[in-house]
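Everything on this sheet refers to the single structure shown next.
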Amino acid sequence: MHGTHNTQLAERPSETDGTITRSQTLLFAASVGIIVTNLFAPQTLVGLIGPSLGAATSESGLVSMATLLGYAAGLFFLVPLSDLIENRALVLRMLSAAALAAAIASFAPSDSSLLAVLFVLGAACSCIQVLVPVAASMAPPGQDGRVIGDVMSGLMIGILLSRPLASFVADAFGWRAFYGISAAALALLAILLGLTLPRRRPLAHSSYAALLVSLFDLLRQEPVLRRRALTASLVMAAFSVFWTAVALRLATPPFELGQRGIALFALVGAGGAAATPIFGRAGDLGFTRPATIFCHLGLIAALGVATWAGAAAAGGAWLPLLLMGASAVLLDIGVTGDQTLGRRAVNLLRPKARGRINGLFVGIFFIGGAVGSLLAGVAWAWGGWNAVCAAGVVFGVLALVVDWVG
């Protein structure tokens, strides 16, 4: 009964006032881009946050893990509220909570208090997945795909720029300044969206418990969703292991980069995301399986190159740095390719349940990212850079095993 009821729930998601304009589309894109920076910025700040709060090296990955885990929790437990609560009010409440959490993070006195606040910040940032359907519902008939694409481009830009932006701010003003600036930006967004967002009232009447049950029903009934979400989480874990620990490795000989150098490295590494359209077209042409295997093999190869580059302890740093940059680009190609192919596959499953399927897919792969962030600190403390890369390779091999079984 739950499954039937909630399928009906998804057929007509809501009513909105007005049609989206170009300026509103740009505001939506900028909003999700600004919000998402809070999820990935901690990956380049762990080397500064941990020592300043007296945390052990093995605990450094917890900083990145807390935000990602909070985001996953928000996807599972807060985003479904968009089918029960008027969306404009929900977005404003979540943005206000995010701004408050970021402000508190900028003054956090201890590692435990910071982790708790970052979890809340991550959960509140899941309002991204409420904003995107609102934008789609405002699109003229037949143009919802274009609007979603424009808004998601803002999200991608935010992800790419989050690490270098955080590093530049931390280099100039310290890591606490990043969260202070983020709090101000989120508060400003709440004001702008409060003035411009239309009201979006859910048409369906259901209970919160029924919505949560429908998520488990979908996961149980759709093997493609389970498989693609699992490989996405494994790939995201490898991605987080690398990006959480690479800042620690680049700060030591022979690289000895400061936050500004790490920021430039992150900016170069993000170039791998430019391959996203290639994998989308590969999926359209029927090459999903070979392209997925290529992504996972590329990820493993990237971590092999990173191991080789990180083995340099002295002498010239340019060749090892170039190799490390190449490994970052190849790693990002593997991850974005897997994500693109996975999103395409799950979006073809049930159009009427696309929102909840997307929430499950994104939530599960962010859990993988949180696990990878946690293991990065542990691996770094236990065996240094080689252990970090080995952990990433294990995740890549497991993804290949899932490909083979699937």
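Just so it is clear, the structure is predicted and the values come from calculations on it, not from any experiment. As a basis for the values below, the full set of heavy atoms in this structure was taken, side chains included, without hydrogen atoms, waters or symmetry mates.
Put simply, the side chain of Ser214 gets close to the backbone of Leu211: a donor and an acceptor are under 3.5 Å apart. Between the side chain of Ser240 and the backbone N or O of Ala237, no donor-acceptor pair lies under 3.5 Å. Using modelled atom types, no side-chain atom of Ser182 and backbone atom of Tyr179 make a donor-acceptor pair closer than 3.5 Å. With hydrogens and angles ignored, the 3.5 Å screen pairs a side-chain donor or acceptor of Glu86 with a backbone N or O of Arg88. Remark: side-chain polar atoms of Arg176 are paired, donor with acceptor, to backbone N or O of Ala108 under 3.5 angstrom. Checking side-chain atoms of Tyr208 against main-chain N and O of Pro80 turns up no donor-acceptor pair under 3.5 Å. Looking at Ser162, its side chain does come within 3.5 Å of a backbone N or O of Ile159 through a donor-acceptor pair. Checking side-chain atoms of Ser327 against main-chain N and O of Leu303 turns up no donor-acceptor pair under 3.5 Å.
For residues 287-310, there are no ring pair (Phe, Tyr, Trp, His ring centres under 6.0 Å) pairs, not counting sequence neighbours. Pairs passing the salt bridge (Lys or Arg N to Asp or Glu O under 4.0 Å) check and including a residue from residues 283-309, sequence neighbours excluded, read Asp284-Arg344. Each salt bridge (Lys or Arg N to Asp or Glu O under 4.0 Å) pair with one or both residues in residues 386-406, not counting sequence neighbours, would appear here, but there are none. Counting only residues at least two apart or on different chains, the side chain to side chain donor-acceptor pair (under 3.5 Å) pairs with a member in residues 225-237 are Arg228-Thr292. Applying the side chain to side chain donor-acceptor pair (under 3.5 Å) definition to pairs two or more places apart or across chains, those involving residues 99-118 are Ser110-Ser112, Ser110-Ser113.
Taking the side-chain hydrogen bond (donor to acceptor under 3.5 Å, both in side chains) definition, one finds that Arg93 meets it with nothing, sequence neighbours left out. With sequence neighbours left out, Arg281 forms a salt bridge (charged side-chain N to carboxylate O under 4.0 Å, His left out) with no residue at all. Under the rule for a salt bridge (charged side-chain N to carboxylate O under 4.0 Å, His left out), the partners of Arg260 that lie at least two apart in sequence or sit in another chain are Asp171. Not counting sequence neighbours, Phe28 has no partner by the ring-ring contact (aromatic ring centres under 6.0 Å, His included) test. Applying the ring-ring contact (aromatic ring centres under 6.0 Å, His included) rule to Phe361 yields the partners Phe365; only residues at least two apart in sequence or on another chain are considered. Residues satisfying the side-chain hydrogen bond (donor to acceptor under 3.5 Å, both in side chains) criterion with Ser126, sequence neighbours excluded, are absent altogether. Contacts of Phe178 classified as ring-ring contact (aromatic ring centres under 6.0 Å, His included), with partners at least two apart in sequence or in another chain: none.
The heavy-atom pair separating Val117 from Ala101 by the smallest distance is CG1-O, 2.9 Å. Ala170 and Leu48 get closest at one heavy-atom pair: CB-CD1, 3.6 Å. Listed here is the closest heavy atom pair of Ala302 and Leu331: CB-N, 3.5 Å. Considering every non-hydrogen atom in both Asp338 and Ala232, the closest pair reads OD2-CA, 3.3 Å. In plain terms, the two heavy atoms of Pro320 and Ala309 that are nearest each other are O-CB, 3.4 Å. Across every non-hydrogen atom of Asn38 and Thr67, the tightest pair is O-CG2, 3.3 Å.
Between Val371 and Leu374 there is no side-chain heavy-atom pair separated by less than 4.5 Å. With a 4.5 Å cut-off on side-chain heavy atoms, Cys125 and Val36 do not count as touching. Put simply, the side chain of Leu230 does not reach to within 4.5 Å of the side chain of Ile364, judged on heavy atoms. Leu114 has its side chain within reach of Leu53: a pair of non-hydrogen atoms, C-beta onward, lies under 4.5 Å apart. The shortest side-chain heavy-atom distance between Ile300 and Leu400 falls under the 4.5 Å cut-off. Inter-residue side-chain proximity for Ile367 and Phe76 is flagged as met; some heavy-atom pair is nearer than 4.5 Å.
Side chain to side chain, Ser82 and Asn87 fail the donor-acceptor criterion of an N or O pair below 3.5 Å. Side-chain contact check for Ser64 and Ser373: at least one donor-acceptor pair (N or O, by modelled atom type) lies under 3.5 Å.
At most 12 non-hydrogen atoms from other residues, nucleotides or ligands lie less than 6.0 angstrom from CZ of Phe173.
Atom-to-atom distance recorded for Leu68:CG and Thr244:OG1 is 7.5 Å, nearest 0.5 angstrom. We find the CD1-CZ distance between Ile262 and Arg249 to be 11.5 Å, quoted to the nearest 0.5 Å. Separating the CD atom in Gln24 from the CG atom in Leu192 is a distance of 12.0 Å, to the nearest 0.5 Å.
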Steps toward ring pair (Phe, Tyr, Trp, His ring centres under 6.0 Å) verdict (Trp385, Phe242): CA-CA 9 Å; Trp385 182 244; Phe242 177 89; 5.7 Å; yes
side-chain contact (heavy atoms from CB on, under 4.5 Å) assessment of Met65 paired with Phe119: CA-CA 8 Å; Met65 182 202 76; Phe119 181 88; over 6 Å; no
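The aromatic rings of Phe40 and Phe366 sit tilted relative to each other, their planes meeting at an angle between 30° and 60°.
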